[in-house]
Amino acid sequence: MRFSQAFIPTLKEKPAEAEIPSHTLMIRSGMLRKLGSGIYSYLPLAKKVINYIETIVREELNAIGCQEILMPVLHPRELWEMSGRWNVYGPELMRLTDRHDREFALGPTHEEVITLIAKYDIKSYKQLPINLYQIQTKFRDEIRPRFGVMRSREFIMKDAYSFHKDKKSLKKTYDDMYKAYSRIFARCGLKSVAVEADVGAIGGSSSHEFMVLAETGESEVLHCKCGYAANLENAKITALDCNEHEEMKQLEKVSTPDRKSVEEVSAFLGVLPKKLIKTIVYKAGDNFVAILIRGDREINPVKVANFLQCVNLEFATEDEIAEFTKSTAGFVGPVGKKNIKIYADLNLKGTKNMITGVDEKDYHYRNVNLERDVHIDAWQDFIQAENGDKCPRCGKAMSSFRGIEVGQIFQLGDKYSTAMEATYDAENGSAVPYQMGCYGIGITRTMAASIEQFHDKDGIIWPISISPYDVELINLSPSDEDITEFCDNVYELLQDEFIDVLYDDRDEKAGFKFKDADLIGIPIHIIVGKKNFENEMVEIKIRKTGEKTTCAFDDILNKISSLIDTLYEEIDKNVT
RNA sequence: CGGGAUGUAGCGCAGCCCGGUAGCGCGCUUCGUUCGGGACGAAGAAGUCGCCGGUUCAAAUCCGGCCAUCCCGACCA
């Protein structure tokens with residue numbers, strides 16, 4: 001493509017709307033334009049990247065026996081009522097009404113549609129397993145779209161769904177998909193990690209998220225050298241140190257005037273925050289529960305919600321605390337409490353002589369021993385893991401990193417097939433709901449994640465496997481007929497070898513073209529200028545390293561081919 | 001939805017407090033000079049000042065309402 005003919009509207013200045021590098025650079029490099037909050041147009045450079053990512057995805061999925069289909073974006077309300085999700089999915093479901101007042105959703109995901117397809121056309125165990133996927137625009141009415149295409153309301157997603165006669169077959173496909181996903185992100189040139197993820201309300205037995213490592217990632221991940229990695233909200237906690245060897249002392253009520261917070265109380269009583277027990281009152285549906293955790297730790301609401309099997313978990317208000325627990329916010333305590341369920345974090349088991357509220361303003365108890373003084377309805381892991389916590393597998397300290405979630409895989413089980421009465425006939429003739437798996441990759445988010453992972457102060461650095469072009473050919477002297485004729489020939493030569501070239505033939509100054517080339521981030525630049533031309537040489541620059549070498553005219557094709565091979569080899573060595 | 005901010009030419013911004021002529025930089029068009037890291041000069045095109053209403057002789061500017069966008073939070077099967 002000649003740059004003079006290409007639609008690549010680059011910008012010199014940082015757009016006001018963008019905050020993070022990928023968003024800024026996609027706009028500046030002429031890839032992306034905004035239509036509304038969380039709604040974007042993808043211009044030619046972006047579309048080419050999307051195509052390359054999609055091609056890798058298709059190749060890897062087809063290789064493990066997946067088949068591509070295309071399902072509707074528009075979903076009738078009745079379909080979503082079959083699964084019960086018309087009401088459950090909530091305001092994130094983009095809804096609309098047609099001229100006949102019939103209601104529809106714009107598909108945020110396609111479990112319902114695919115399950116319906118299976119229900120009618122996959123009738124025998126002989127047809128199983130089967131794995132179907134599509135690449136399509138998805139709609140989610142995000143409460144707050146953010147960071148360009150990172151969290152947008154309309155985005156391109158690959159979604160796959162597998163159907164099985166039993167869990168064993170599901171597990172096999174799940175493992176195949178896990179490997180395929182690892183290969184896909186590696187082939188895209190990205191450093192990614194699979195982490196244990198929360199299955200949450202979707203149910204099922206197992207789920208992994210694939211995270212691309214990047215400082216600006218929205219998710220925090222804890223990982224261990226032994227290979228364990230988990231989303232922070234899902235990371236299990238192993239035993240924290242506790243003071244179990246102390247002798248139990250007599251319960252003692254002490255005055256703590258106006259000291260409410262852990263910091264205030266621990267400072268006032270001269271003890272470490274971990275000697276305190278926080279009593280947190282939640283409203284779970286119509287019930288109130290108290291959760292006890294150590295004073296120096298934060299509660300993990302995801303763990304609480306999963307334990308309680310509750311979708312709408314909220315903190316109790318001060319008024320609700322007063323009414324339903326007969327207590328005072330800031331001084332709530334578990335001792336003697338009988339009217340609500342009390343659940344304690346596992347790390348409190350065995351602790352001795354702790355400090356809690358008294359349910360009375362301005363007083364706390366010293367020397368609370370939960371097993372002696374409180375009726376605990378259940379012990380459970382409730383707290384948020386932190387950097388430095390011990391690995392639940394090997395016990396060594398874990399460290400944290402930030403990442404961007406680019407894919408997630410689930411073993412769904414029979415949740416949707418049962419809800420929608422989608423069954424196959426087994427060997428013995430009985431109708432059995434399918435075991436299902438579902439598997440997503442955010443295509444447009446993967447593109448943004450690549451930029452987050454690979455950029456510098458000058459612009460984007462594309463991995464060659466998803467770069468919009470392999471090579472940018474820069475003619476520094478477009479007014480010079482000899483040089484221009486030479487560049488035209490190089491352009492032809494490379495194209496004849498199926499090397500995808502962006503040819504900057506514009507009548508602009510050298511600096512202008514260099515800036516644009518660095519911004520756009522094509523991995524290899526061929527620079528043709530007067531001085532080198534007189535010596536029958538061109539300059540070759542590697543965008544990633546900034547390294548520049550010269551190359552004789554005769555050697556250009558060889559040199560470029562071998563550079564491209566090298567760049568691919570660097571990527572392929574990480575593909576397992 | 002709570003908190004904060006912004007809306008003026010394609011982009012980035014000033015002007016608003018203190019009402020009266022709409023301005024700067026980039027980009028765009030034309031011409032000339034320049035030509036290896038976002039050149040210079042000259043000429044030019046381009047704006048219902050987010051929308052609606054109010055106050056006023058007069059509103060980008062003051063007042064009210066609405067809309068949109070961005071950031072923090074809640075949220076993210």
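Naming convention: chains lettered A, B, ... in sequence-line order (proteins, then strands); numbering from 1 in each chain. Worth saying up front: this structure is predicted, and the values here are computed from it rather than measured.
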What is the distance from [atom1] of [X] to [atom2] of [N], rounded to the nearest Å?
| X | N | atom1 | atom2 | value |
| --- | --- | --- | --- | --- |
| A:Lys513 | B:U34 | NZ | P | 18 Å |
| A:Leu11 | B:G27 | CG | C1' | 9 Å |
| A:Lys530 | B:G36 | NZ | P | 8 Å |
| A:Leu519 | B:G37 | CG | C1' | 14 Å |
| A:Lys415 | B:A77 | NZ | P | 11 Å |

Using a 4.0 Å heavy-atom cut-off, does [X] contact any base of the nucleic acid, only the sugar-phosphate backbone, or nothing at all?
| X | answer |
| --- | --- |
| A:Glu92 | sugar-phosphate |
| A:Phe147 | sugar-phosphate |
| A:Arg140 | nothing |
| A:Ser477 | nothing |

Does the base of [N] carry an N or O that pairs as donor and acceptor with the side chain of [X] under 3.5 Å?
| X | N | result |
| --- | --- | --- |
| A:Lys34 | B:G10 | no |
| A:Arg28 | B:G38 | yes |
| A:Arg144 | B:C76 | no |
| A:Glu539 | B:G36 | yes |

* To do: Would you tell me whether A:Asp345 and A:Gln380 have side-chain atoms, one donor and one acceptor, within less than 3.5 Å of each other?
  =>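 No pair is found: no donor N or O on one side chain lies under 3.5 Å from an acceptor on the other.
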
Which of the following nucleotides, [options], is nearest to the side chain of [X]?
| X | options | answer |
| --- | --- | --- |
| A:Asp518 | B:C26, B:C70, B:G37 | B:G37 |
| A:Glu142 | B:C76, B:G12, B:G38 | B:C76 |
| A:Arg85 | B:C75, B:A77, B:G38 | B:A77 |
| A:Asp516 | B:G38, B:A77, B:G12 | B:G38 |
| A:Phe514 | B:G36, B:C70, B:C75 | B:G36 |
| A:Glu19 | B:A74, B:G25, B:C70 | B:C70 |

* Return yes if some donor-acceptor pair links the side-chain N/O of A:Ser417 with the main-chain N/O of A:Asp414 below 3.5 Å, else return no. =>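 Indeed, once roles are kept as given, a pair shorter than 3.5 Å links the two residues.
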
* A:Trp462 side-chain N/O to A:Ile520 backbone N/O, donor-acceptor pair under 3.5 Å ->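 Checked: pair present.
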
Could you tell me how far [M] sits from [N] if I compare only their [atom1] atoms? Round to whole Å.
| N | M | atom1 | value |
| --- | --- | --- | --- |
| B:G19 | B:G38 | P | 45 Å |
| B:G12 | B:U21 | P | 26 Å |
| B:C72 | B:G15 | P | 26 Å |
| B:C40 | B:G25 | C1' | 16 Å |
| B:G27 | B:A42 | P | 15 Å |
| B:G7 | B:A14 | C1' | 14 Å |
| B:G50 | B:A60 | C1' | 12 Å |
| B:U61 | B:A9 | P | 15 Å |

* Ionic contact status for A:Glu386 with A:Arg297, cut-off 4.0 Å ->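 A salt bridge links A:Arg297 with A:Glu386.
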
* Charged N-O contact under 4.0 Å between A:Asp458 and A:Arg543 -> no

* **Worked check of side chain to side chain donor-acceptor pair (under 3.5 Å) between A:Glu220 and A:Ser400** => CA-CA 7 Å; A:Glu220 192 165 353; A:Ser400 72; 3.2 Å; yes

* For RNA chain B, whose closest nucleotide is more 5', that of A:Lys509 or that of A:Ala18? -> A:Lys509

* Structure fact -> Nearest-nucleotide check on RNA chain B, A:Arg151 vs A:Asp458; residue mapping nearer the 5' end is A:Asp458

* Under 4.0 Å: is that the gap between some side-chain N or O of A:Ser37 and OP1 or OP2 of B:C70? -> yes

Using purine N1 to pyrimidine N3 plus N6-O4 or O6-N4 for Watson-Crick, or N1-O2 and O6-N3 for G-U wobble, both under 3.5 Å, which nucleotide pairs with [N]?
| N | answer |
| --- | --- |
| B:G12 | B:C24 |
| B:U61 | none |
| B:C70 | B:G4 |
| B:G38 | none |
| B:C75 | none |

* Identify the residue among A:Lys457, A:Lys544, A:Arg28, A:Lys541 that makes a salt bridge (Lys or Arg N to Asp or Glu O under 4.0 Å) with A:Asp518. =>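 Only match with A:Asp518 under salt bridge (Lys or Arg N to Asp or Glu O under 4.0 Å): A:Lys541.
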
* To do: Kindly give the heavy-atom pair with the smallest separation between A:His455 and A:Leu25, and that separation in Å.
  =>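 Heavy atoms only, the tightest pair is CB-CD1, 3.7 Å.
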
